[in-house]
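Take a look at the structure set out below.
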Amino acid sequence: EAIAKEFGGRLAFYGGIDCQQVLTQGTLGEVRAAVKRNIRAFEPYGGYIVANCHHGIANIRPENVIAMCRAAAETGYAPGRG
């Protein structure tokens, strides 16, 4: 949230969905909550692209990647529109 307030709208941020805990071990609900939290933080400013925080790692659960994408689509968030 602090990064969004300080730099949102001036820089683009890609990622931020934790792949060490949330995408590897989290529930579908935890994944959705992480996505929505990040989107809410950047919504007033724009400049956020939903993605995992690092390159893909072998133990990321495929169903959590799908949940991440679906959660982003469900919010109706359109980067740059905020």
- Query: Step by step, would you call Arg32 with Glu74 a side chain to side chain contact (heavy atoms under 4.5 Å, CB included)?
  - Reply: CA-CA 10 Å; Arg32 279 192 209 82; Glu74 288 168 5; 4.2 Å; yes

- Item | Step-by-step side chain to side chain contact (heavy atoms under 4.5 Å, CB included) determination, Arg61 to Leu23 | CA-CA 6 Å; Arg61 296 171 55 201; Leu23 291 177; over 6 Å; no

- Task: Apply side chain to side chain contact (heavy atoms under 4.5 Å, CB included) to Val50 and Asn38, showing your working.
- Result: CA-CA 8 Å; Val50 176; Asn38 284 7; over 6 Å; no

- Task: Start with the C-alpha distance between Ile60 and Asn52, add both sets of side-chain angles, then the distance that settles side chain to side chain contact (heavy atoms under 4.5 Å, CB included), and finish with yes or no.
- Result: CA-CA 10 Å; Ile60 290 177; Asn52 55 293; 4.2 Å; yes

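Under the 30°/60° scheme for interplanar angles, the aromatic rings of Phe42 and Phe13 are found to be tilted.
Put simply, the side chain of Thr24 reaches to within 4.5 Å of the side chain of Ile57, judged on heavy atoms. For the pair Lys5/Tyr45, a side-chain contact is recorded, criterion being any heavy-atom separation below 4.5 Å from C-beta on. Taking the side chain as every heavy atom from C-beta outward, Thr75 and Lys36 approach each other to under 4.5 Å.
No more than 12 heavy atoms of other residues, nucleotides or ligands shown are found within 6.0 angstrom of CD1 on Ile3. Atom CD of Glu63 sits in a crowded spot, with more than 12 heavy atoms from other residues, nucleotides or ligands closer than 6.0 Å. Counting non-hydrogen atoms of neighbouring residues, nucleotides and ligands closer than 6.0 angstrom, the CD atom of Gln20 reaches no more than 12 such neighbours.
Taking CG of Asp18 as the reference point, atom CG of Asn64 lies at 11.0 Å (rounded to 0.5 Å).
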